Amino acid sequence: MPHYINFFSYAGAAAKAMIDRPSDRHAAAKTLVESLGGKLDAFYWMNGKFDGFLIAQLPDGMSAAALAAAASSSGAFTDFETHEIFDRDAQAQILKSAKTATTAYKSPTA
């Protein structure tokens, strides 16, 4: 299954609600991912531009888009960004495909 990383930032109201009524956000993320036929690999909070990220295996890009839509529609997030990520085996195939594509592509400046 493809892997996706989602970066998120909580809205102020969501942060306040979590402080007032702590709950297991990992469990909530796991339930969401599993509802789409996926598996949650990691869930972390962090410092910086985003409040955290999750890494999940999902069946396809439409499932990843559905995850983002469901989470965003909750109003709990100010930012929610999704990216497909690739392991080392996929990286080798990407580079092999890129090599083939570079011989086929003709630059407009060539």
Side-chain angles (χ1 to χ4, degrees):
M1 259 195 286
H3 288 74
Y4 298 88
I5 188 166
N6 301 93
F7 295 97
F8 56 84
S9 293
Y10 288 111
K16 181 171 181 353
M18 288 186 289
I19 291 167
D20 291 346
R21 295 178 310 282
S23 63
D24 185 353
R25 303 320 305 156
H26 178 276
K30 183 178 179 192
T31 298
L32 174 59
V33 169
E34 290 176 353
S35 77
L36 294 162
K39 179 181 176 231
L40 182 64
D41 290 340
F43 181 87
Y44 288 94
W45 282 13
M46 62 190 207
N47 295 318
K49 177 180 176 183
F50 294 99
D51 294 328
F53 69 91
L54 66 86
I55 298 173
Q57 297 176 50
L58 292 162
D60 51 37
M62 287 189 294
S63 299
L67 186 149
S72 296
S73 72
S74 72
F77 303 96
T78 57
D79 291 303
F80 200 90
E81 203 172 281
T82 303
H83 302 271
E84 186 172 0
I85 55 177
F86 306 95
D87 64 16
R88 97 176 149 193
D89 294 334
Q91 291 168 27
Q93 184 58 46
I94 290 166
L95 295 174
K96 183 179 176 183
S97 296
K99 186 173 185 176
T100 301
T102 58
T103 60
Y105 178 69
K106 301 296 182 225
S107 169
T109 60

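Bear in mind that the values here come from a model prediction, so they are computed numbers and not experimental data.
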For [X] and [Y], work out which heavy atoms get closest and say how close.
X: I19; Y: P22; answer: O-CD, 3.7 Å
X: G75; Y: A11; answer: O-CB, 3.7 Å
X: P2; Y: E84; answer: CB-OE2, 3.6 Å
X: S73; Y: A70; answer: OG-O, 2.9 Å
X: D20; Y: K16; answer: OD2-NZ, 2.6 Å

Quick one: which of R25, H26, R21 gives a side-chain hydrogen bond (donor to acceptor under 3.5 Å, both in side chains) with S23?
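Among R25, H26, R21, the one that satisfies the side-chain hydrogen bond (donor to acceptor under 3.5 Å, both in side chains) with S23 is R25.
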Separation of L36 CG from T31 OG1 (nearest 0.5 Å):
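One gets 11.0 Å once the value is rounded to the nearest 0.5 Å.
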Among F77, W45, F50, which residue satisfies the ring-ring contact (aromatic ring centres under 6.0 Å, His included) criterion with F8?
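The ring-ring contact (aromatic ring centres under 6.0 Å, His included) with F8 is passed solely by F77 among F77, W45, F50.
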Evaluate the criterion side-chain contact (heavy atoms from CB on, under 4.5 Å) for residue pair S63 and D60; output intermediate values, then yes/no.
CA-CA 5 Å; S63 299; D60 51 37; 3.0 Å; yes
Those residues that, when tested against E81, pass salt bridge (Lys or Arg N to Asp or Glu O under 4.0 Å) (two or more places apart)
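None.
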Salt bridge (Lys or Arg N to Asp or Glu O under 4.0 Å) with D24: which residues, sequence neighbours excluded?
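By the salt bridge (Lys or Arg N to Asp or Glu O under 4.0 Å) rule, D24 matches no residue at all.
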Validation row: [X], [Y] side chains within 4.5 angstrom (heavy atoms):
X: F80; Y: L67; result: yes
X: S35; Y: L32; result: yes
X: F7; Y: H83; result: yes

Path from L40 to I85 over hydrophobic side-chain contacts below 4.5 Å
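Cluster IDs for L40 and I85 differ.
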Under 4.5 Å between side-chain heavy atoms, hopping through other hydrophobics if needed: is there a path connecting M46 to I5?
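Yes, M46 connects to I5 through the hydrophobic network.
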Could you tabulate the donor-acceptor pairs under 3.5 Å formed by side-chain atoms of residues 51-59, not counting sequence neighbours?
{"from": "D51", "atom 1": "OD2", "to": "Y10", "atom 2": "N", "distance (Å)": "2.6"}
{"from": "Q57", "atom 1": "NE2", "to": "D41", "atom 2": "OD1", "distance (Å)": "3.1"}
{"from": "Q57", "atom 1": "NE2", "to": "D41", "atom 2": "OD2", "distance (Å)": "3.4"}

